[in-house]
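A, B, ... follow the sequence lines: proteins, then strands. Residue 1 opens every chain.
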Number of protein chains: 2
Amino acid sequence: MELVRIYECLCDRTRLRLLHLLLQGPLCVCHLQGLLDEPQVKISKHLAYLRTRGLVTTTRDGNRIIYALPAKRSPELAANLACLQDCAAEEAVFRRDARRLAALQARLRDSGCPC
Amino acid sequence: MELVRIYECLCDRTRLRLLHLLLQGPLCVCHLQGLLDEPQVKISKHLAYLRTRGLVTTTRDGNRIIYALPAKRSPELAANLACLQDCAAEEAVFRRDARRLAALQARLRDSGCPC
DNA sequence: AATCTATATTCCGCAAGCGGTATATGGTGA
DNA sequence: TCACCATATACCGCTTGCGGAATATAGATT
């Protein structure tokens with residue numbers, strides 16, 4: 001994957017937040033939507049942007065579409081995701097997202113949710 | 001510096017090439033122009049883009065303007081520049097730029113050039 | 001079949017970015 | 001002062017990206 005393509009995916013705040021959350025594991029759209037507290041169309045379009053460029057993969061589970069980071073990642077992508085992980089720890093938005101995700105996961109632990 | 005601002009600076013190939021070269025040390029515009037083999041206005045505008053966003057600094061030396069990476073870098077910027085340095089080694093364009101820079105530096109070694 | 005729920009897509013208007021041409025600026029040297 | 005060099009800026013047209021409103025799709029449920 002060409003380096004500049006990766007950066008193009010990283011140069012929007014919403015996409016950064018999505019990728020940062022997906023670093024913790026797969027998530028369906030409705031959860032991402034709830035976590036980011038942004039309109040459905042906005043989330044969906046940014047996920048589509050990432051999907052067409054190969055930064056995320058999708059699987060269907062009934063009604064839900066579950067997004068995840070690709071299992072196999074090029075060295076550049078792996079390096080940049082690691083970098084994002086590190087840097088995100090310094091910014092409030094990302095820490096807040098991570099906190100909300102942790103809370104969500106706690107709630108979901110015993111609820112048979114596919115995500 | 002906000003993370004997304006950094007990525008905005010990184011999401012253009014010309015700017016990536018410029019930053020990658022500046023990782024090796026300060027350079028004046030005419031040298032960057034020669035190394036990238038791109039029109040003057042293109043180089044100048046991308047450097048201006050980087051300058052207004054604080055990713056490069058300038059000093060004047062007579063007619064020449066010398067661009068450099070900032071001495072003090074935020075952790076995010078430092079991390080991403082290191083990441084770029086690593087990833088660039090995998091792509092032909094960047095390797096070619098680095099080779100040309102090495103050649104230029106060899107030629108300039110004993111020529112009292114300010115860069 | 002009709003409905004509901006989750007997600008995607010289309011269409012629109014707007015702003016930003018990019019590359020090029022032409023021109024301006026500002027320091028240097030004759 | 002005049003010409004010259006290196007660099008920057010203004011303007012233009014084009015493309016891309018973004019957000020929102022409305023609509024479409026596709027699986028689930030009744």
Side-chain angles (χ1 to χ4, degrees), chain A residues 2 4-19 21-22 26-68 93 104 108 111-115, chain B residues 2 4-19 21-22 26-68 93 104 108 111-115:
Chain A
E2 229 183 327
V4 65
R5 300 289 157 228
I6 295 178
Y7 288 126
E8 283 170 0
C9 290
L10 298 179
C11 71
D12 175 272
R13 191 193 316 276
T14 303
R15 290 197 291 270
L16 281 183
R17 293 174 70 192
L18 291 170
L19 291 169
L21 286 175
L22 292 175
L27 285 164
C28 68
V29 180
C30 62
H31 286 160
L32 288 167
Q33 187 180 333
L35 291 164
L36 266 66
D37 193 26
E38 296 276 5
Q40 184 260 327
V41 61
K42 186 169 173 180
I43 300 290
S44 184
K45 284 203 287 189
H46 281 295
L47 287 172
Y49 186 105
L50 294 172
R51 178 168 37 79
T52 61
R53 286 157 181 86
L55 263 79
V56 298
T57 62
T58 56
T59 53
R60 178 179 280 278
D61 182 280
N63 255 344
R64 310 250 175 114
I65 311 276
I66 299 177
Y67 279 78
V93 206
L104 176 67
L108 261 51
S111 79
C113 178
C115 310
Chain B
E2 228 183 329
V4 66
R5 301 287 156 229
I6 295 179
Y7 288 126
E8 284 169 359
C9 290
L10 298 179
C11 70
D12 175 271
R13 190 193 316 279
T14 302
R15 289 196 294 269
L16 282 184
R17 294 175 69 193
L18 291 170
L19 290 169
L21 286 175
L22 291 175
L27 285 165
C28 67
V29 180
C30 62
H31 285 159
L32 289 168
Q33 187 179 332
L35 290 165
L36 267 64
D37 193 25
E38 296 275 6
Q40 183 260 327
V41 62
K42 186 170 174 181
I43 300 289
S44 184
K45 282 203 287 191
H46 281 295
L47 286 171
Y49 186 105
L50 293 172
R51 179 168 36 80
T52 60
R53 286 155 181 85
L55 262 79
V56 297
T57 61
T58 55
T59 53
R60 178 180 279 277
D61 182 279
N63 257 342
R64 309 252 175 113
I65 310 275
I66 298 178
Y67 279 79
V93 205
L104 175 67
L108 289 171
S111 79
C113 178
C115 308

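- For the pair A/R60 CZ and C/dA6 P, the interatomic distance rounds to 13 Å; values are reported in whole Å.
- Residues B/D12 and B/H46 share a closest heavy-atom pair of OD1-CE1, 3.3 Å.
- Among the nucleotides C/dT9, C/dA6, C/dA8, the one closest to any side-chain atom of A/I65 is C/dA8.
- Spacing between atom CG of B/L47 and atom C1' of C/dC18 amounts to 15 Å, rounded to whole angstrom units.
- The NE2-P distance, from A/H46 to D/dT16, rounds to 17 Å in whole Å.
- The residue B/V41 sits close to a base: some heavy atom pair falls under 4.0 Å.
- The two residues B/I43 and B/Q33 come nearest to each other via the heavy atoms CG1-CA, 4.0 Å.
- For the pair A/E38 and B/T58, nearest-nucleotide mapping onto DNA chain D gives the more 5' position to B/T58.
- The side-chain heavy atoms of A/L50 and A/L22, taken from C-beta on, include no pair separated by under 4.5 Å.
- In this entry the distance linking CG of A/L16 with C1' of D/dG17 reads 15 Å, nearest Å.
- Within the 4.5 Å cutoff, no side-chain heavy atoms of A/L27 are placed close to those of A/L18.
- For B/Y49, the listed nucleotide lying nearest its side chain is C/dG17; candidates were C/dG17, C/dG19, D/dG19.
- Considering every non-hydrogen atom in both A/C9 and A/R15, the closest pair reads O-NE, 3.0 Å.
- Taking only side-chain atoms of B/Q40, from C-beta outward, the nucleotide of D/dT9, D/dT7, D/dG20 with the closest atom is D/dT7.
- Proximity note for A/A48 (side chain, C-beta onward) versus C/dG19, D/dG17, C/dT9: the nearest is C/dT9.
- A donor N or O paired with an acceptor N or O is found under 3.5 Å between the base of C/dT5 and the side-chain atoms of A/N63.
- You'll find that the side chain of B/R64 is closest to D/dA6, out of D/dA6, C/dT9, C/dG19.
- The distance between atom CG of A/L50 and atom P of C/dT7, rounded to the nearest whole Å, is 16 Å.
- Put simply, CD on A/Q33 is 9 Å from C1' on C/dT7, counting in whole angstrom units.
- Candidate nucleotides C/dT9, D/dG17, D/dT9 were compared by shortest atom distance to the side chain of A/R51, and C/dT9 ranks first.
- In terms of phosphate contacts, A/Y67 brings no side-chain nitrogen or oxygen within less than 4.0 Å of OP1 or OP2 of C/dA6.
- Within the 4.0 angstrom heavy-atom criterion, no nucleotide atom of any strand lies near A/R13.
- Closest to the side chain of A/D12, from the set C/dT7, D/dG27, D/dG19, is D/dG19.
- Note: CG (A/D61) to P (C/dT7) measures 10 Å, nearest angstrom.
- Nearer the 5' end of DNA chain D, as judged by each residue's closest nucleotide, is the contact made by A/E8, out of A/K45 and A/E8.
- One finds a side-chain N or O of B/R15 lying less than 4.0 angstrom from the OP1 or OP2 phosphate oxygen of C/dC18.
- Here the P atom of nucleotide C/dG20 and the CD1 atom of B/I43 are 11 Å apart, to the nearest Å.
- Within the structure, salt bridge (charged side-chain N to carboxylate O under 4.0 Å, His left out) pairs that include any residue of residues 39-52 of chain A comprise A/E38-A/K42 (at least two apart or interchain).
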